[in-house]
Amino acid sequence: MKITLSCFFLLLILVPLLASSFDKKVYIVYLGQHGNGKKALHEIETTHFSYLHSVKESEQDAQSSLLYSYKHSINGFAAKLTPHEASKLSELKEVIIVFPSHGKYSVQTTRSWEFVGLDEGDGHSWAELKFGGGEDLLSRAEYGRNITIGVMDSGVWPGSPSFSDRGMDPIPNSWKGICQEGVAFNSSNCNKKIIGARYYVKGFEAEYGPVNATEDFLSPRDMDGHGTHTASTAAGRQVSDVAAFGGFAKGTASGGAPLARLAIYKACWAIPNQPKADGNTCFAEDMLAALDDAIADGVDILSVSIGTDEPLRFENDVIGLAALEASKRNILVVCSAGNSGPTPGTLSNPAPWIITVGASSLDRAFFAPVKLGNGLKIIGQSVTPYKMKKMYPLVYAGDVVVPGVAQNVTGQCLPGSLDPNKVKGKIVVCTRGVGLRVGKGSEVKRAGGVGFVLANSKANGNEISCDAHLLPATTLTYDSGIKILEYINSTEKPMAKISPGRTILNYKPAPFMAGFTSRGPNVVDPNILKPDITAPGLNILAAWSEASSPSKLPEDHRSVKYNIYSGTSMSCPHVSGAAALLKAIHPDWSVAAIKSALMTTAATTNSLGKPITDANGNDATPFEFGSGHFRPTKAVDPGLVYDATYNDYLLYLCTVGPTCLIELNSTFKCPANPPSTLSLNYPSLAIPNLNTTVTITRTVTNIGRPKSTYFFSAKPPLGVLVKATPSVLQFKRIGEKLSFIITVSPTTKKSEYGFGWYSWDDGYYHVRSPMAVYVH
Ligand SMILES: *[C@@H]1O[C@H](CO)[C@@H](O)[C@H](O)[C@H]1NC(C)=O
Ligand SMILES: *[C@@H]1O[C@H](CO)[C@@H](O)[C@H](O)[C@H]1NC(C)=O
Ligand SMILES: *[C@@H]1O[C@H](CO)[C@@H](O)[C@H](O)[C@H]1NC(C)=O
Ligand SMILES: *[C@@H]1O[C@H](CO)[C@@H](O)[C@H](O)[C@H]1NC(C)=O
Ligand SMILES: *[C@@H]1O[C@H](CO)[C@@H](O)[C@H](O)[C@H]1NC(C)=O
Ligand SMILES: *[C@@H]1O[C@H](CO)[C@@H](O)[C@H](O)[C@H]1NC(C)=O
Ligand SMILES: *[C@@H]1O[C@H](CO)[C@@H](O)[C@H](O)[C@H]1NC(C)=O
């Protein structure tokens, strides 16, 4: 007797009688974990092939439809199948999940995405890490010397000074990775810094055909810039006197762990026949192959600035599935939360074994004032170096469009929308909403404009993402944008002059949350509070691909070594770098301990000592910043940690997952009454439906001082009572674990989320956990 537990994600309403090759799509067939007996790789491949063969007409057919056999840490394969074949495979008892692959994943910066149905995404960035007194931490961690960070992204530009291997240690014998050759990339492009480089393209090519050599390199070499940027943010060398185009953000560029090694896994490719600025896609089956290799190669940390615009369920999300395998080998996976904010419930990468990172500002700005005809000066920001010698007429884009532009997008400066007769020789004010920011500047230039003012939409608020525009330009906050439009309305002949940007340090308040950062609640499992943490993701300077241009516009022929970019893609590698330092200092810490340390020590106040705000100046919530802004110097010594094991995550899946996920590990048996997902020992707490008193057990491990006494305190959300039993924890030794029960009771009905926190203090350590509670 056989019970089919596999999950098959396709409604088979009508299976075509004659399945033609037109119906073939790539499916991922996930087999759960390898048996405990050690099997040779070719045996695993043979097994995969026999499953595939069993649903195919011939051996040849099976051979030509197999894309990948995942055989190292992950067990499964990707193949071109008809829906009928996929369904037949899903009936095999060894098969756990079958799902159609998709290219919904993308790197989380470079794409034009809808922002509240009203904005695009990304910006530009720079890679210096402001760790705040980080020198001590860096030297204690020997700059991350013995750690290898795997970066899955769009590849790497190996010649960058950020990837020099001068003075670095030899590659360890335990390293199993390779330096895969390809177009414009050979073994001499790897060194003691970039110790591995591979690329994964079969899924991409199954969809789009062979990679077009003018659009991407069929090799680990990066033609986009994104992968180079994220890799150098995580582990770029300290390079002095770096600046973006003409002096912006001048200073020392450095990754979080400057002596950590890098292993590059290219799985994201330029989309054919689409503007480069528009995107990049990463296919599920390519990423799974990359992650399978990365785990087997021996990386310590995986930095994944990739996600989906909408949350994916665990059983359908290859990043989450692979990260679970990684957690078994104590490899920490750090992911970006996504750029789909400020809409709630938009967050990607929600699995509790992943650290999910939101994006916030740095204490650096690029002031570029606009002087108006009436003498008023409005402070904008820009990283565009062009000087303007005199005042020019100023117009609002909505007043200078060609006939036929839809009413709702008149101010947006979409391609072809501006009337050159009305724009020539003028400065044009465009608003954010739809379309690429750099594309708007490009449109103004096309129509003969001499300057470009980009005014934020309300959703963007104070978040300014600076771009490398090709004409004098500045970007205004929402409030300043209103001011300039009021000025235009107030006078017959509005005039203005834009000054070039200049770098301002110690800009206050910092940080605040980027408008674009994706928000909780975590719709995949609202019992896990996400994101976990926030880190700098606005206007970050880091290395860039010299085959790309800073704006990625077709008419931009500049080539730069460093570029300024924005997105949760940029915040993710900050945390990867920090995690590398923690791991270097504490090689014995588990994935969960590193994560707990980063979370419980995070800051929730800004440089003015006030609560961190959103981009509109309102207090931000844990649905934006999780536990708060990361503080690696504190995280290295957190006092207590909320630890968890791979086994705990399997137990968690017993409750959350569809039944198929329970089968991921054949030797693990779910208990008859699995515990509530609330009981996963997580460093934060979310209760999505509090209608009666709930009790939750948590366990803390003492890694601070041997003899210590911690006291409980809490600031419960409004309408909620929180207490802990016991409320005092007395530790006698390092490594000791003590449990406590948190009781959460509703006092008034609110029908909305409220936020608060609880903490354990011993007078020295402050171990804080945020709470999000919805009282019914
Ligand atoms: C480097 O890390 C490996 C394990 O990843 C360990 O065996 C080795 O002792 C470490 N070397 C140094 C110098 O810390
Ligand atoms: C790698 O490519 C470079 C530049 O094309 C060439 O000079 C070098 O000899 C090549 N090295 C190897 C090991 O093939
Ligand atoms: C390759 O890409 C370039 C630039 O996008 C395009 O002009 C060309 O037609 C493409 N070639 C093929 C074979 O698609
Ligand atoms: C503008 O309106 C058109 C219909 O008139 C609609 O299709 C489009 O999505 C709207 N665009 C935005 C950005 O709201
Ligand atoms: C400017 O005037 C137009 C029409 O007269 C009006 O719709 C718009 O709201 C005004 N803008 C501001 C910022 O006052
Ligand atoms: C299954 O899970 C157990 C922990 O419950 C773990 O020790 C074992 O290694 C896992 N088996 C495989 C094949 O991963
Ligand atoms: C409280 O909520 C849970 C979960 O939604 C539900 O099963 C239960 O019936 C509710 N209890 C009351 C008293 O409303």
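Each ligand, and each atom within it, is numbered from 1 in the order the structure gives.
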Name each N or O atom in ligand 2 that is under 3.5 Å from a protein N or O, and give the partner atom and the distance.
| residue | atom | partner | partner atom | Å |
| --- | --- | --- | --- | --- |
| ligand 2 | 2 (O) | Asn186 | ND2 | 2.2 |
| ligand 2 | 11 (N) | Asn186 | ND2 | 3.0 |
| ligand 2 | 14 (O) | Asn186 | ND2 | 3.3 |

[X]/[Y] ion pair, N-O < 4.0 Å:
X: Asp293; Y: Lys176; value: no
X: Arg446; Y: Glu443; value: yes
X: Glu43; Y: Lys71; value: no
X: Lys266; Y: Asp216; value: yes

What I want to check is whether the side chains of Thr701 and Lys737 have a donor and an acceptor closer together than 3.5 Å.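 Note: Thr701 and Lys737 side chains meet the donor-acceptor criterion.
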
Ser480 and Thr477: side-chain donor and acceptor closer than 3.5 Å?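 Yes, Thr477 and Ser480 have a side-chain donor paired with an acceptor closer than 3.5 Å.
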
Can you sort out which atoms of ligand 6 are near [X], meaning under 4.0 Å from one of its heavy atoms?
X: Tyr646; result: 2 (O)
X: Asn647; result: 4 (C), 5 (O)
X: Phe668; result: 5 (O)

By number and element, which atoms of ligand 4 are closer than 4.0 Å to a non-hydrogen atom of Val434?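 Checking each atom against Val434, I get 13 (C).
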
Is Lys328 in polar range of ligand 6, meaning some N or O pair under 3.5 Å apart? yes

Is the distance between the ring centroids of Phe314 and Trp353 under 6.0 Å?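 Between Phe314 and Trp353, the centre distance is under 6.0 Å.
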
Given side-chain hydrogen bond (donor to acceptor under 3.5 Å, both in side chains), test Asp222 with Thr228 step by step and report yes or no. CA-CA 7 Å; Asp222 180 15; Thr228 302; 2.6 Å; yes

